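As structure tokens, the structure follows; a few thoughts come after it.
Owing to the predicted nature of the structure, the values given are computational and were not obtained by experimental measurement.
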Amino acid sequence: MYTFATRILQLLFSSMNGHMNVVNKDKLPQNEPFIVVCTHKSWIDVVCLGIALYPTPIHFMAKKELFNKIFIKKLLKKLNAFPVDRSNPGPSVLKIPLQLLKKKQVVGIFPSGTRNSEEKALKNGAIHIASRASVPIIPAVYIGPHTIKDLLGRKRRTIILGDAIHVPKMTKDKEVVTEATNEVISKVFEELKSNI
């Protein structure tokens, strides 16, 4: 269902808003698992990232509250989303993404547009998962409309992909590694935004 939904949304968004610009898609790892960490303000950037990486499917980390209703829960699972307690992530948060990466899948995490503590926790989670799975983090920035009104207004949509960030294996200095990598991701986000 993921592929079908992505193609339909791609056609729908194109009819409303024209072609989306994807920058540096050639930087994506080929036939290898990775974590894509993207800026996030609304559901539109999630859809646009999925379209940008197509035909590579993304398994999206989503807040557990979205899975409270049975119908929505079933739909989200068919669209490759899995639940996580974003405000209080614990060790169990690592289990699903590590299993997916072991199967050479791509995991999507959206840390921005949230409370500062939650954003930091999600970035730290991405860093720990990448370290344990020995996979790179691909930073991505979405620039464009965040509402249907703006989509209809044909505001330009762009996804910019950055260079792969390789996280070393965690040692006794894991807090130092985490903070340093977190800082790198934040700086890359700002640099990518400035390229538009």
With clusters defined by side-chain heavy atoms of hydrophobic residues (ILVMFWY) lying less than 4.5 Å apart, directly or transitively, does [Y] cluster with [X]?
X	Y	answer
Ile44	Leu12	yes
Tyr2	Ile8	no
Leu79	Tyr142	no
Tyr54	Ile51	no
Leu49	Leu76	no

Nearest heavy-atom neighbours spanning [X] and [Y]:
X	Y	result
Ile129	Leu98	O-CD2, 3.8 Å
Gly50	Thr6	O-CG2, 3.9 Å
Pro29	Ile138	CD-CD1, 3.7 Å
Val22	Ala52	CG2-CB, 3.8 Å
Pro136	Pro33	CD-O, 3.7 Å
Pro145	Arg157	CD-CG, 3.5 Å

Within 6.0 angstrom of Lys103 NZ, more than 12 heavy atoms from elsewhere: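 Counting other residues, nucleotides and ligands, NZ of Lys103 stays at 12 neighbours or fewer.
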Heavy atoms of other groups near Lys25 NZ, more than 12 under 6.0 Å: yes
Do [X] and [Y] make a side-chain contact, defined as non-hydrogen atoms from C-beta onward lying under 4.5 Å apart?
X	Y	result
Lys27	Asp163	yes
Leu161	Val23	no
Leu28	Thr56	no
Asp150	Thr147	yes
Arg156	Thr158	yes
His146	Asp45	yes
Lys63	Val84	no
Lys73	Asn68	no

Nearest 0.5 Å, please: how far is [atom2] in [Y] from [atom1] in [X]?
X	Y	atom1	atom2	result
Thr39	Ile143	OG1	CD1	7.5 Å
Ile35	Ile137	CD1	CD1	5.5 Å
Met61	Leu100	CE	CG	9.5 Å

Derivation of the side-chain contact (heavy atoms from CB on, under 4.5 Å) call for Val106 and His59: CA-CA 6 Å; Val106 173; His59 295 263; 5.8 Å; no
Test item: Ser14 side-chain N/O and Gln10 main-chain N/O as donor-acceptor pair under 3.5 Å: yes
Heavy-atom donor-acceptor pair, His128 side chain to Ala130 backbone, under 3.5 Å: no
Stepwise side-chain contact (heavy atoms from CB on, under 4.5 Å) check, Lys169 with Ser134: CA-CA 8 Å; Lys169 284 291 184 183; Ser134 297; 3.1 Å; yes
Derivation of the side-chain contact (heavy atoms from CB on, under 4.5 Å) call for Phe67 and Ile72: CA-CA 6 Å; Phe67 292 78; Ile72 300 297; over 6 Å; no
Criterion side-chain contact (heavy atoms from CB on, under 4.5 Å) on Asn80 and Met1, from CA distance to verdict: CA-CA 9 Å; Asn80 289 357; Met1 183 175 177; over 6 Å; no
Option passing side-chain contact (heavy atoms from CB on, under 4.5 Å) with Val107 (candidates Phe60, Phe34, Phe82):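 The side-chain contact (heavy atoms from CB on, under 4.5 Å) with Val107 is passed solely by Phe82 among Phe60, Phe34, Phe82.
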